[in-house]
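One structure below.
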Amino acid sequence: MGNVSGDFIWYELMTPDADGASAFYSAVMGWTVGASSSGETDYREIQMGNDYIGGILGLTSEMTAGGAQPGWIGYIAVDDVDQSVANIVEAGGALLMPARDLPGVGRFAMVADPQGIPFYVMTSTTGETSKAHGPNPGSCSWNELATSDLTGAVTFYTGQFDWAKGDVMKMGPMGDYQFLRMGDRVLGAAMARAPGGPPPMWTYYFRVSDIELAVTRVTGGGGKILHGPQEVPGGDFIILGQDPQGAMFALTGKNT
């Protein structure tokens, strides 16, 4: 089955040191990071086995001067990028980077939700099914939104994509953890941003086979563990970390 509108189909790391980030995540995740693309943009595709799941974009000094910061950003599939951008802006979101075509790949645009959290919308023309989001090690298995307005954000995303509210997990003083579904699949969840915590953002949890081994590789590669390992419902453990270049990331897996 191919991807449908609303699927997460690509994950992209923006970093000021593409060489260093490539080495770090290859060691932690077992990914293969390709060579830099030709041309002015330093872009490297991330591969897990035979599946391409994302890319690494080297930030130039001009990009960082313009406000670009290290971080992960997700791509959501849509049927019509331009119509999707118009709908997002009408719903209170914003266009951050105008739509453009990448020959042989697709059309995409960077947008932000009404709370200012960025993501991409994309119409792929490759004809391939993305394995970027899924249950296998190396893929992203959970998409988590921390927002300044939980009700408004859930209303926005369920209005823009074929997403629906799922179950709610109560987290005491932290409020509700609202699961997000698409059909019979759970894509992730949304919650209110913790006071004093990281800024509102999407966090993408990449699956590893052994969370303790991943912790060792993160710290051994110069990264930091900011939280965890913590057991979560279902028997997995999670960690929140920061890579050597300053990008936040998250991992999930079993404690073997």
Side-chain angles (χ1 to χ4, degrees), residues 8-76 81 94-112 116-126 128 130-133 138-140 143 198-199 201-206 208 214 217-224 226 240-251:
F8 279 90
I9 58 173
W10 196 254
Y11 298 93
E12 184 175 281
L13 173 66
M14 297 179 291
T15 179
D17 180 3
D19 288 335
S22 297
F24 174 78
Y25 287 100
S26 294
V28 172
M29 296 299 307
W31 290 337
T32 299
V33 180
S36 175
S37 57
S38 58
E40 297 180 0
T41 301
D42 183 356
Y43 199 85
R44 312 172 187 206
E45 291 184 316
I46 298 170
Q47 194 171 355
M48 188 66 184
N50 294 323
D51 299 322
Y52 290 92
I53 62 99
I56 295 177
L57 172 64
L59 295 175
T60 64
S61 57
E62 290 79 13
M63 292 176 182
T64 54
Q69 298 179 357
W72 284 94
I73 188 167
Y75 286 64
I76 301 174
V81 167
L95 174 63
L96 302 181
M97 187 185 77
R100 56 172 291 198
D101 293 305
L102 192 59
V105 176
R107 184 168 177 81
F108 62 98
M110 183 190 287
V111 294
I117 301 172
F119 61 97
Y120 281 97
V121 288
M122 181 174 185
T123 301
S124 174
T125 58
T126 66
E128 300 175 356
S130 170
K131 302 291 183 62
H133 177 237
S139 298
C140 176
N143 307 284
M201 63 188 297
W202 278 102
T203 298
Y204 306 105
Y205 288 73
F206 296 100
V208 295
R217 289 174 173 172
V218 168
T219 56
K224 299 176 182 179
L226 305 178
L240 301 178
Q242 187 175 43
D243 69 24
Q245 292 73 42
M248 302 276 289
F249 68 93
L251 305 178

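No hydrogens, no waters, no symmetry mates; every other heavy atom, side chains included, goes into these values.
- With contacts defined as side-chain heavy-atom distances shorter than 4.5 Å, the pair Met29/Leu251 qualifies.
- To the nearest 0.5 Å, atom CG of residue Leu240 and atom NZ of residue Lys224 are 14.5 Å apart.
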Q. Given the rule in the side-chain contact (heavy atoms from CB on, under 4.5 Å) test, do Glu45 and Trp10 qualify, once you have shown the distances and angles that lead to the verdict?
A. CA-CA 10 Å; Glu45 291 184 316; Trp10 196 254; 4.2 Å; yes
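- Relative ring orientation between Tyr25 and Trp31 is described as parallel, the plane-to-plane angle staying below 30° on a 0-90° scale split at 30° and 60°.
- Atom CD of Glu12 and atom CD1 of Ile73 lie 7.0 Å apart (nearest 0.5 Å).
- Inter-residue side-chain proximity for Thr32 and Met48 is flagged as unmet; no heavy-atom pair is nearer than 4.5 Å.
- Counting only distance, with no hydrogens or angles, the side chain of Gln47 and the backbone of Asp51 share no donor-acceptor pair below 3.5 Å.
- Remark: aromatic rings of Trp72 and Tyr205 are distant, center separation not under 6.0 Å.
- No donor-acceptor pair under 3.5 Å is formed between the side chain of Thr15 and the backbone N or O of Ala18.
- At least one side-chain heavy atom of Pro70 sits less than 4.5 Å from a side-chain heavy atom of Pro16.
- Residue Asp42 holds its CG atom at 9.5 Å from CG of Leu59, rounded to the nearest 0.5 Å.
- Minimum heavy-atom separation, Val33 to Ser22: CG1-OG, 3.4 Å.
- Note that the CD1 atom of Ile76 and the CZ atom of Phe119 stand 5.0 Å from one another [nearest 0.5 Å].
- Asp101 places no side-chain N or O within donor-acceptor distance of the main-chain N or O of Pro103, the cut-off being under 3.5 Å.
- The backbone N or O of Lys131 sits less than 3.5 Å from a side-chain atom of Ser139, completing a donor-acceptor pair.
- In this structure, Met248 and Leu226 have side chains that are in contact, with non-hydrogen atoms separated by less than 4.5 Å.
- In this structure a side-chain-to-backbone donor-acceptor pair under 3.5 Å is missing from Thr41 to Tyr43.
- Rounding to the nearest 0.5 Å gives a distance of 12.5 Å between OH of Tyr11 and OH of Tyr75.
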(Q) Walk me through whether Asp243 and Leu13 qualify under side-chain contact (heavy atoms from CB on, under 4.5 Å). (A) CA-CA 11 Å; Asp243 69 24; Leu13 173 66; 4.1 Å; yes
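- Nearest heavy-atom pair across Arg107 and Ala99 is NH2-CB, 3.5 Å.
- For the 3.5 Å distance criterion, the side chains of Tyr52 and Glu128 fail to qualify, holding no donor opposite an acceptor.
- Between Phe108 atom CZ and Tyr120 atom OH the span is 6.0 Å, to the nearest 0.5 Å.
- Looking at Thr64, its side chain does come within 3.5 Å of a backbone N or O of Ser61 through a donor-acceptor pair.
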